[in-house]
Colleague: 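Got a structure here, written out as structure tokens. Questions coming.
Numbers for residues simply follow the sequence, beginning at 1.
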Amino acid sequence: MARPWPRYSLEEVARHCSKDDAWIVVNDIVYNMTPHLANHGGWTLGSKQTTLIALLSAMGQDCTDDFVEVHSEAALKMMPSMQVGVLDKPNTARRRVRYRTWEELQAAGSV
């Protein structure tokens with residue numbers, strides 16, 4: 001029997017948009033990316049800063065199209081350990097993530 005996951009609205013997910021509390025949505029599944037973000041190599045390795053900024057830009061949003069475009073099936077298979085719930089209704093209004101600069105992320109209080 002499948003686990004009865006908590007249901008969240010996109011508005012609830014949007015409140016989890018800081019480096020210390022980072023949720024994303026992929027394929028209508030809600031993931032807590034906070035531990036992954038805290039240990040991300042982009043904080044110390046210049047070669048991974050672009051992926052760190054992409055993740056920080058996606059916090060609190062549905063990033064399905066962006067995620068699927070750049071991640072393999074293997075990456076998607078690692079996501080279940082980060083799942084915290086599902087959307088309360090399918091997101092039919094997906095849009096691409098607007099990638100922000102480091103300065104914009106700082107000004108927004110995200111980092």
Colleague: Side chains of Asp65 and Arg95: does their closest heavy-atom pair fall under 4.5 Å?
Modeller: no
Colleague: Counting only N and O atoms by type, is there a donor-acceptor contact under 3.5 Å from the side chain of Asn27 to the main-chain atoms of Ile29?
Modeller: no
Colleague: Can you get from Trp43 to Leu55 by hopping between Ile, Leu, Val, Met, Phe, Trp and Tyr side chains that sit under 4.5 Å apart?
Modeller: yes
Colleague: Write down the atom of Ala108, the atom of Arg100, and the distance for their closest heavy-atom approach.
Modeller: CB-NH1, 3.6 Å
Colleague: Is atom CZ of Arg96 surrounded by more than 12 heavy atoms (other residues, nucleotides or ligands) closer than 6.0 Å?
Modeller: yes
Colleague: Would a 4.5 Å heavy-atom cut-off, applied to side chains only, mark Trp5 and Val30 as touching?
Modeller: no
Colleague: Do you know the tightest heavy-atom contact between Gln49 and Gly42?
Modeller: CG-O, 3.3 Å
Colleague: Indicate the ring-plane relationship of His36 and His40, choosing parallel, tilted or perpendicular according to the 30° and 60° boundaries.
Modeller: perpendicular
Colleague: Short question: side chain of Asp28, backbone of Lys89 - any donor-acceptor pair under 3.5 Å?
Modeller: no
Colleague: Under 30°, 30 to 60°, or over 60°: which ring-plane class applies to Trp23 and His16, parallel, tilted or perpendicular?
Modeller: parallel
Colleague: Less than 4.5 Å apart, side chain to side chain, heavy atoms only: is that true for Ser110 and Lys19?
Modeller: no
Colleague: With no hydrogens and no angle check, is any side-chain donor or acceptor of Asp88 less than 3.5 Å from a backbone partner on Arg7?
Modeller: no
Colleague: For the residue pair Thr64 / Asp62, report whether a side-chain donor-acceptor contact shorter than 3.5 Å exists.
Modeller: yes
Colleague: Please examine the side chains of Val111 and Trp102, heavy atoms only from C-beta on, and report whether any two atoms are closer than 4.5 Å.
Modeller: yes
